[in-house]
Amino acid sequence: MIRFEHVIKYFGERKVLDAVNFKVERGETFVIVGFSGAGKSVTLKHMIRLLTPDIGKIYVGDELMSAAAGADLVRLREKFGMLFQGAALLEWMSVFDNVALPLREKTNMSNAAIERRVEEKLHQVNLEGVHDAMPSELSGGMRKRVGLARAIVMNPEIILYDEPTSGLDPVTSRAIDQLIDRMRLELKVTSVVVTHDLFSALAIGTRIAMIYEGRILEISRPTDFIRSQNEIVKRFLDAQYITKRGAWERTDHETQ
Amino acid sequence: MITHEPEFLPPPINARGRLGRIVLLNCRNAGRALLILWEAVLSLRFVLSKRSRPVVLQQLYVTGIKSLGVISVVAMFTGMILALQMGLELRKYGQEVNIGLAVMVSMLREMGPFMTGLILAASVGSAMAAELGTMTVSEEIAALEVMSISPVRFLVMPKLAAMMIMTPILTFYACMLGVVGGAIVGSTQLGVSVPAYIDNATRWAENKDLYVGLLKSFVFGIIITTICCYQGFATTEGAVGVGRATRRSVVVSFLSILVVGYIITRLFYQ
Ligand SMILES: Nc1ncnc2c1ncn2[C@@H]1O[C@H](COP(=O)(O)OP(=O)(O)OP(=O)(O)O)[C@@H](O)[C@H]1O
Ligand SMILES: [Mg+2]
């Protein structure tokens, strides 16, 4: 569905993506993990052509996303929904208007239908009763969820999530995880999820890619990912108390 | 596309290289600004669509009503100062009744459009740049583009429409207030009665003065919107960048208003 072929991207002298190759299959939930500043958001932005590779190609379906322009680009982008890392809500519009925006601008749906759809999506992300609130009145986690509702409101084929659960409490995080999983199972949506949260990566990912200093270190299924022999992947797993058994452990308690 | 990738240029090798780069970058930026204007003009056809109407009305309110106070004060005092300065000179020749003409013509031809243009650039224009700049750095513009909603149609077009309508109206209003200010000074300080002042002002001023002044202000409105919106979209580097974009939008607008004002004057008054 999405294919990166030898993608290299420079920001000035710095190589932020260094020969990245991978393929996201249709209907899978592809999780990208990595340290802060590793190039996860940059990778995601390449998929929707907010950034263009200096070298290499990016395909969406069979079409060359990295060179699309004009009407082609619009058509390709219509397949996508995207949650930005900072939610990117329009500050001068209420929550309802933010979520309804793509419907109002891109479709001819009636007001009643729009209202029903927005209601449904806000319910799916566990947000209710904040209809008329302005984004500035919301907490960081609530903003994230409004952004999420906006990303899925057009029922896109592919959804890109930039840290959907960061800043959320564990219960809401798991609800978002379930939402992502349900969309894969019920609607056959292809998802690319950038996250720091290994628990959700392991829970929802069909495959996990670890990116480190602009290079892909490892792409594997969750069960293989936690058994990885790569030193950096191990360090990343250890930092979140994840062991080969798949559960967390605290050495001080165990030895007592 | 309105969002641009971050740019990293190697430092220029020498002074000539630096000069060349400044020229080239400015040409490119002017081109980008003109492309924004072009798209905004093309999307003016949606100005009355059901979705745009409330936004346009709101922009008309923001542009027009909110700057009315400053413009009133400035216009009034400009008229008063003009009348006083010229009246004192003309009195030496016993010609003080001609301040009517002098104030009317200078307000219509130059002071009205300039004052209004500068005030709108400093208040409305800088607000545009700050608003769009903030939206750019918080990725809201990128989010619009990802949803294939044109930021120009959605954000710039209503501002352009409002400025196209409001700048000439405000200019006309400023001219009239200036003339009133002149009349007050004339009657209280120079002994020119109000009817004589009005008679003098209307007898000699031409329609052409009015039309050229309004044309000028119309052009100023377009220039301000284009420059300020462009600067907003070109913002990089967070809050500092927003500040820089705002300052630059005001400075560039001021300079452009002066230069274009001269050119239009030159075209119509040989
Ligand atoms: N607009 C930009 N200008 C300059 N450098 C940038 C820009 N955006 C990203 N970078 C650089 O690219 C690298 C990768 O950034 P990216 O945003 O992809 O990190 P990330 O993996 O998403 O990190 P985080 O988990 O903190 O969001 C960083 O080192 C960053 O400094
Ligand atoms: Mg990021």
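A, B, ... follow the sequence lines: proteins, then strands. Residue 1 opens every chain. In what follows, every heavy atom counts, from backbone to side chain, and hydrogens, waters and symmetry copies are set aside. Fair warning: this is a prediction, and the values are worked out from it, not measured in the lab.
Residue Ile149(B) comes nearest to Pro102(A) through the heavy atom pair CD1-CA, 4.4 Å, listed as atom of the first residue, atom of the second, then distance. Leu89(A) and Glu140(B) make their closest contact through O-CD, 3.1 Å (heavy atoms, listed as atom of the first residue, atom of the second, distance). Across all non-hydrogen atoms, the minimal contact from Arg150(A) to Ala143(B) is NH2-CB, 3.5 Å. Looking at every heavy atom in both residues, Val146(B) comes nearest to Arg77(A) through O-CB, 3.8 Å.
Of the atoms belonging to Phe80(A), not a single heavy atom falls under 4.5 Å from chain B. Of the atoms belonging to Glu91(A), heavy atoms from both backbone and side chain fall under 4.5 Å from chain B. If you measure heavy-atom distances from Leu90(A) to chain B, the contacts under 4.5 Å come from both the backbone and the side chain. In this structure, chain B has a heavy atom under 4.5 Å from the side chain of Lys9(A), while its backbone stays farther away. Residue Leu9(B) does not touch chain A at all, counting heavy-atom pairs closer than 4.5 Å.
For Asn26(B), the CG atom is densely surrounded, since the number of other residues' heavy atoms within 6.0 Å is greater than 12. Counted within 6.0 Å of CZ on Phe254(B), heavy atoms from surrounding residues, nucleotides or ligands total more than 12; the atom is thus considered enclosed. The number of heavy-atom neighbours closer than 6.0 Å to CD of Glu13(A), taken from other residues, nucleotides and ligands shown, is 12 or below. Around the CH2 atom of Trp92(A), the shell of radius 6.0 Å holds more than 12 heavy atoms that belong to other residues, nucleotides or ligands. The 12-atom threshold is exceeded at CZ of Arg28(B), counting heavy atoms of other residues, nucleotides or ligands nearer than 6.0 Å. Heavy-atom neighbours of His4(B) NE2 from other residues, nucleotides or ligands within 6.0 Å: above the threshold of 12. When the shell of 6.0 Å around CD1 of Ile13(B) is examined, it contains 12 or fewer heavy atoms from other residues, nucleotides or ligands. Remark: Phe172(B) CZ is loosely packed, at most 12 non-hydrogen atoms of other residues, nucleotides or ligands lying under 6.0 Å away.
Atom OG of Ser148(B) and atom NZ of Lys106(A) lie 5.0 Å apart (nearest 0.5 Å). Summarising the geometry, atom OG belonging to Ser138(B) is positioned 13.0 Å from atom CD belonging to Gln85(A); distances are rounded to the nearest 0.5 Å.
No side-chain heavy atom of Glu105(A) sits under 4.5 Å from any side-chain heavy atom of Met147(B). Under the 4.5 Å side-chain criterion, counting only non-hydrogen atoms from C-beta, Glu7(B) is not in contact with Phe11(A). In this structure, the side chains of Met82(A) and Glu139(B) stay at 4.5 Å or more apart for every pair of heavy atoms.
With 3.5 Å as the limit, one finds a donor-acceptor pair spanning the side chains of Thr52(A) and Glu5(B).
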